[in-house]
2 protein chains.
Amino acid sequence: MKWDDPLPESIPVPLWFQIAERLRTAIKRGDFQPGETLPSEARLNQVFGVSRATSRTSLDRLEQDGLITRRSGKGSIVISPRVDQPVNEMSGFAEDMRRRGLLPSYDTRFVGRIRAPAEVTEALEIKPNMRVYQSRRLLKADGRPIGFAVSWLSPSLFRRIRPPSADDLNRGSLYEWLARQCGVKIIGAREFIEAAIVQKDMAAELNVPLGSAVLIARRSSHGSNGLPVEYAVLHFRADRYRFHLQVNR
Amino acid sequence: MKWDDPLPESIPVPLWFQIAERLRTAIKRGDFQPGETLPSEARLNQVFGVSRATSRTSLDRLEQDGLITRRSGKGSIVISPRVDQPVNEMSGFAEDMRRRGLLPSYDTRFVGRIRAPAEVTEALEIKPNMRVYQSRRLLKADGRPIGFAVSWLSPSLFRRIRPPSADDLNRGSLYEWLARQCGVKIIGAREFIEAAIVQKDMAAELNVPLGSAVLIARRSSHGSNGLPVEYAVLHFRADRYRFHLQVNR
DNA sequence: CAGTGGTCTAGACCACACA
DNA sequence: GTGTGGTCTAGACCACTGT
């Protein structure tokens, strides 16, 4: 499939998205090398028979994803490719692992209601000392411990719906469960990333010697209504995990 | 200043940007609370006398910056505000520190040409064992060590221009120097973030005990032509520094 | 139903880069 | 000069949300 083959007719996918995907795969394949320019907006209009706004929307997306930069008078220039797959797009642990070619699994250690510490009530924007649903899970990749996730969910989710069981949590992604059962999609988050020396109980869970380094992420997630959904603290083995992110502008 | 005051006439700033700034400050000020909706696109058209494409571009920017989400049929919904200052937008160390209310300074330990290790030649996309310009700098905030930056610059920068001196580097941001002297703006980067136990020489520089944790960032920066400009490895004291990032979609 | 954002068209004028 | 992306207008039809 060449990048400029005609688009299929009347499928329920936006034109701008189809065009962006064409260019994206062409870049991945190496048809456009880093430093080279993509076809101009006018050219895309001719090739795909669309208006300029549509082809611009395609390029907007590629720019936002860090694949190209655009310069007035020059064109849309391909940026050196990512070495790895993922980036800082929103993704749960399971998806993250699959993209790295590893098989994710969970061991749920605890589920239940507990009194939330201040760090949590602040993040979830609820009253101090309120009781919230907590889960504690060991995260594994190809069967080996890689991280430990402690997660608190907003009480507002469980007015009508029962919280997930340990089985639910072992079965798959928490985010998928929230989407299926609560109709809540997590669409963004704020994260703090820190380094620390592993604590005793966490060393046992992660199966690392005392004195090892861990990578810690504290994540506040929000749904499409803009309100907090989950607060999570994740510890990762420093020898098996690193964050990868793409920064623009 | 209310968010819907008339826009000044004929200033050389895009309308969509001015509108986005109005809404941004209104959100920061609390005129629109988290979970509330912003004025609809049609309303913005009336208020500012612009076309729908223009008001949409404003909202696109706010969405990209993680301030709002949009739902067809509902509106543009304000997301809970960031606790800290900005986030994963491109910024050098100096700017980063100033945003945290700290005074940045540098102690340059070394500048000169050295043979680049494989990690560097790969990131800069140059031939193995090529000699490149390296700098090693201690990063300080309010006079106290906070990190250590080792940076390699692409040889292509110095065909016509002399590399920066230790004085240049002590004086201010490397990125500002590159912009001024080489006309190269860094517009994006790829980063890996890791945790580790501090090494002996680094412990001495950072003034931390052996066995402490450090946060390590490995950054490949590229300019507006999409080609690599700088590769840097930064070690941060875990007790004084953490990353903060905003994840969308 | 009316209002919302999502997508798309067909034009326009501008500043910028390069030959 | 020609071609590039940056900005902007004035329409249009659609799917979705709530009443």
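So you know, we letter chains A, B, ... as the sequences are listed, proteins then strands, and number each from 1.
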Item checked: Proximity to DNA chain C (any heavy atom under 4.0 Å), residues of residues 42-51 of chain A only ->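 DNA chain C contact set from residues 42-51 of chain A: A:Gly49, A:Val50, A:Ser51.
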Whole-Å distance between [N] [atom2] and [X] [atom1]?
X: A:Leu7; N: C:dC8; atom1: CG; atom2: P; result: 10 Å
X: B:Asp60; N: C:dC8; atom1: CG; atom2: P; result: 14 Å
X: A:Glu41; N: C:dC14; atom1: CD; atom2: P; result: 18 Å
X: A:Ile68; N: D:dT4; atom1: CD1; atom2: P; result: 14 Å
X: B:Gln18; N: D:dG6; atom1: CD; atom2: C1'; result: 15 Å

Notebook entry, point to check: Does B:Arg56 have a side-chain nitrogen or oxygen under 4.0 Å from the phosphate oxygens OP1 or OP2 of C:dG6?
Noted result: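 The answer is yes; a side-chain N or O of B:Arg56 sits under 4.0 Å from OP1 or OP2.
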Margin query: Under 4.0 Å from OP1 or OP2 of D:dC8: is there any side-chain N or O of B:Thr57 that close?
Written below: no
Can you list everything that forms a side-chain contact (heavy atoms from CB on, under 4.5 Å) with [X]? Sequence neighbours excluded, please.
X: B:Ser51; result: B:Ala53, B:Thr54
X: B:Glu119; result: B:Arg218, B:Tyr231, B:Val233
X: B:Leu7; result: B:Leu15, B:Gln18, B:Ile19, B:Arg22, B:Phe48
X: B:Thr37; result: B:Ile77

Margin query: If you assign B:Leu38 and B:Ala53 each to the DNA chain C nucleotide with the nearest heavy atom, which residue ends up on the more 5' nucleotide?
Written below: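 Whichever sits nearer the 5' end wins; that is B:Leu38.
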Next item on the list: Measure from the side chain of B:Pro14, starting at C-beta and using heavy atoms only, and say which of C:dT9, D:dT7, D:dG5 lies closest.
Entry: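 From the listed options, D:dT7 comes nearest.
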Interface polar pairs with nucleotides 13-17 of chain D, N/O, under 3.5 angstrom:
none

Note to self: For B:Val78 versus B:Ile68, what's the shortest heavy-atom pair and its separation?
What the structure shows: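 In terms of heavy atoms, the two residues are closest at CA-CG2, 4.2 Å.
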Can you sort out the partners of [X] under side chain to side chain donor-acceptor pair (under 3.5 Å), two or more places apart, ordered by chain and number?
X: B:Ser151; result: B:Glu230
X: A:Ser154; result: A:Ser156
X: B:Thr108; result: B:Asn170
X: A:Asp31; result: A:Arg29

Next item on the list: To the nearest 0.5 Å, tell me how far A:Thr69 OG1 sits from A:Leu62 CG.
Entry: 11.5 Å
Item checked: Duplex segments of DNA chain C, taken as runs of at least three Watson-Crick or G-U pairs that stay under 3.5 Å -> C:1-18 with D:1-18
Check: At under 4.0 Å between heavy atoms, what does A:Leu59 touch on the DNA or RNA strands: base, sugar-phosphate, or nothing?
Finding: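 The answer is nothing, as A:Leu59 stays clear of every strand by at least 4.0 Å.
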Check: salt bridge (charged side-chain N to carboxylate O under 4.0 Å, His left out): which pairs involve residues 41-50 of chain B, sequence neighbours left out?
Finding: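 As it turns out, the salt bridge (charged side-chain N to carboxylate O under 4.0 Å, His left out) pairs with a partner in residues 41-50 of chain B, which skip direct neighbours, are B:Glu41-B:Arg52, B:Glu41-B:Arg56, B:Glu41-B:Arg70.
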